[in-house]
Amino acid sequence: MHDIRAIRENPEAFDAGLARRGLAPMSAEILALDADRRARINAAEEAKAEQNRASKETGAAKARGDEAEFERLRALIGDSKAQIAAMMAEAEALDRQLNDLLMTIPNLPLDSVPDGEDETDNVEIRRWGEPRALDFPPLEHFDIPGVKPGMDFATAAKLSGSRFVVLSGGVARIHRALAQFMLDMHIDKHGLTETWTPVLVLSDMMLGTGQLPKFGEDSYQTREGWWLIPTAEVTLTNTVHGDLVEHATLPRRMVGHSQCFRSEAGSAGRDTSGMLRQHQFEKVEMVSITDAENGLAEHERMTKCAEAVLEALGLPYRTVALCTGDMGFGARITHDLEVWLPGQDTYREISSVSYVGDFQARRMNARYRPEGGGKPEFVHTLNGSGLAVGRTLIAVLENGQQADGSVELPAVLHPYLGGAIRLGRDGSLA
RNA sequence: GGAGACGUGGCCGAGUGGUCGAAGGCACACCCCUGCUAAGGGUGCAGGCGGGAAACCGCCUCGAGGGUUCGAAUCCCUUCGUCUCCGCCA
């Protein structure tokens, strides 16, 4: 959420930021609403202050036994009560209206973010690794002979419909190994704190991280009102929801492995083959809570943490700076990692690392007391995949595929696979 | 699921109708003393919103929502959460 004071102080900058996102100016509408709101608050509060004074006098009259004066004041207050209540209600309604409007406006990009309309305007920052030269036509993951026995979309469709998968045997174990490997790496080498969270959350949490109120149709909600998290960003970030934390506890660096649930509304027909885009998938997610000063540096650090996983697995990738038109709702700057998928002969997103600034913190009311005391300030939040497990599985399978239909597996995974080094053509680990 | 207790400031914890936004302690900030792996003394210190150049003033907030009352942290109702006991259960 945006700071109304910042908009008031510099409406041009606000509108310019929106324009970079391809949005029409909004400051005039916002400031008009804000002015109206403040006028009403003022009027209501003055009336209320008057009533409070009268009430005190009433008490004083009662105390000294002046019944006539007591009754006179009592009647006076009684008369104005409904009117003041109405004024307060009006002021509150406008306050809510402004708040509701602000909740729907996306974060503004940093100056360093490249301008652009869609993913074609994203800017490659760096590239790591060389796609392996193959002397056979590479297959997509679901067509690799060694993968087929352990990746069953038909059975999943029977169980749950489209965009689900049943993994079994060697493939299932590689999938699990990947999640464990990523967690261990972030915990042991990157110093993140392992954090396990619920996958069902209250609406307030979805509002806090920005999935609501605008993107409710992208997620699932239970009859009881809980939401299934589309990413552990929601739970990890909201761990500080409503809190005033000690500055000494920052930065808080968390990593969690969770199921993620997405309705994929609006992506009908896209990536329908294979397990690239599922309603349910696993992700190892990183979240950092920092102070205002260290947020941007943390973004670099987090990006490197994600890159380190791909490098350890020997998967070629490129790091891309998302342009203004391709960034998510809450981000001020986002770096995507795209992994090489030989079966698709292209790089595909496998991680997205975003610096959110205080945008989510305002929604969550999450603050810290600055060093040396003083007024609380909003924390800054960051989130990044480290990595999407299902997509990493795809990448490992496609990049490791051999001419004979087996798959060579990255050395760092061997200890997690009981020493196995390949997925055989028959789908078993060996 | 049944019964009971509780939910107060960054934290702990008093407070049962007005002078309470709230004692005391801890933490924190500044100052003094002292001197070294520590202590003592003093002062300050809830948050949000609105007004004001500022000093400062006002409004709201004692889990949340509603009610009673001239007046509610305090009484009533609803609701959420936590804890304890019982039941059940991975």
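In the text below, chain A, chain B and the rest are named by the order of the sequence lines, each starting its count at 1.
- Separating the CD atom of A:Glu246 from the C1' atom of B:A29 is a distance of 13 Å, rounded to the nearest angstrom.
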Tell me, for nucleotides 52-67 of chain B in 5' to 3' order, what letter each nucleotide earns: B for a base near a protein heavy atom under 4.0 Å, S for only sugar-phosphate near one, - for neither? ------BBS-------
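- As judged by a 4.0 angstrom heavy-atom cut-off over every strand, A:Arg37 is placed among residues touching the sugar-phosphate backbone only.
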Identify each donor-acceptor pair in which a side-chain atom of residues 189-201 of chain A lies under 3.5 Å from a protein atom, sequence neighbours left out, and give them as a table.
residue	atom	partner	partner atom	Å
A:His190	ND1	A:His186	ND1	2.9
A:Thr195	OG1	A:Thr193	O	2.9
A:Thr197	OG1	A:Thr235	OG1	2.8

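- Distance CG (A:Asn99) to C1' (B:C49): 12 Å, rounded to an integer number of Å.
- Spacing between atom CD of A:Glu224 and atom P of B:C80 amounts to 13 Å, rounded to whole angstrom units.
- Applying the salt bridge (Lys or Arg N to Asp or Glu O under 4.0 Å) test to every pair with at least one member in residues 414-430 of chain A, sequence neighbours left out, gives these pairs: A:Glu408-A:Arg422.
- Atom CZ in A:Arg5 sits about 8 Å away from atom C1' in B:C49, given to the nearest Å.
- Sorted by first and then second residue, the pairs that involve residues 234-253 of chain A and meet salt bridge (Lys or Arg N to Asp or Glu O under 4.0 Å), not counting sequence neighbours, are A:Arg253-A:Glu298.
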Distances under 3.5 Å between nitrogen or oxygen atoms of protein and nucleotides 69-71 of chain B:
residue	atom	partner	partner atom	Å
B:C70	OP1	A:Arg74	NH1	2.1
B:C70	O2'	A:Ser55	OG	3.3
B:G71	OP1	A:Lys81	NZ	3.2
B:G71	O4'	A:Ser55	OG	3.2

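- A:Ile4 has its CD1 atom 13 Å from the C1' atom of B:G50, to the nearest Å.
- Applying the ring-ring contact (aromatic ring centres under 6.0 Å, His included) test to every pair with at least one member in residues 226-257 of chain A, sequence neighbours left out, gives these pairs: A:His247-A:Tyr368.
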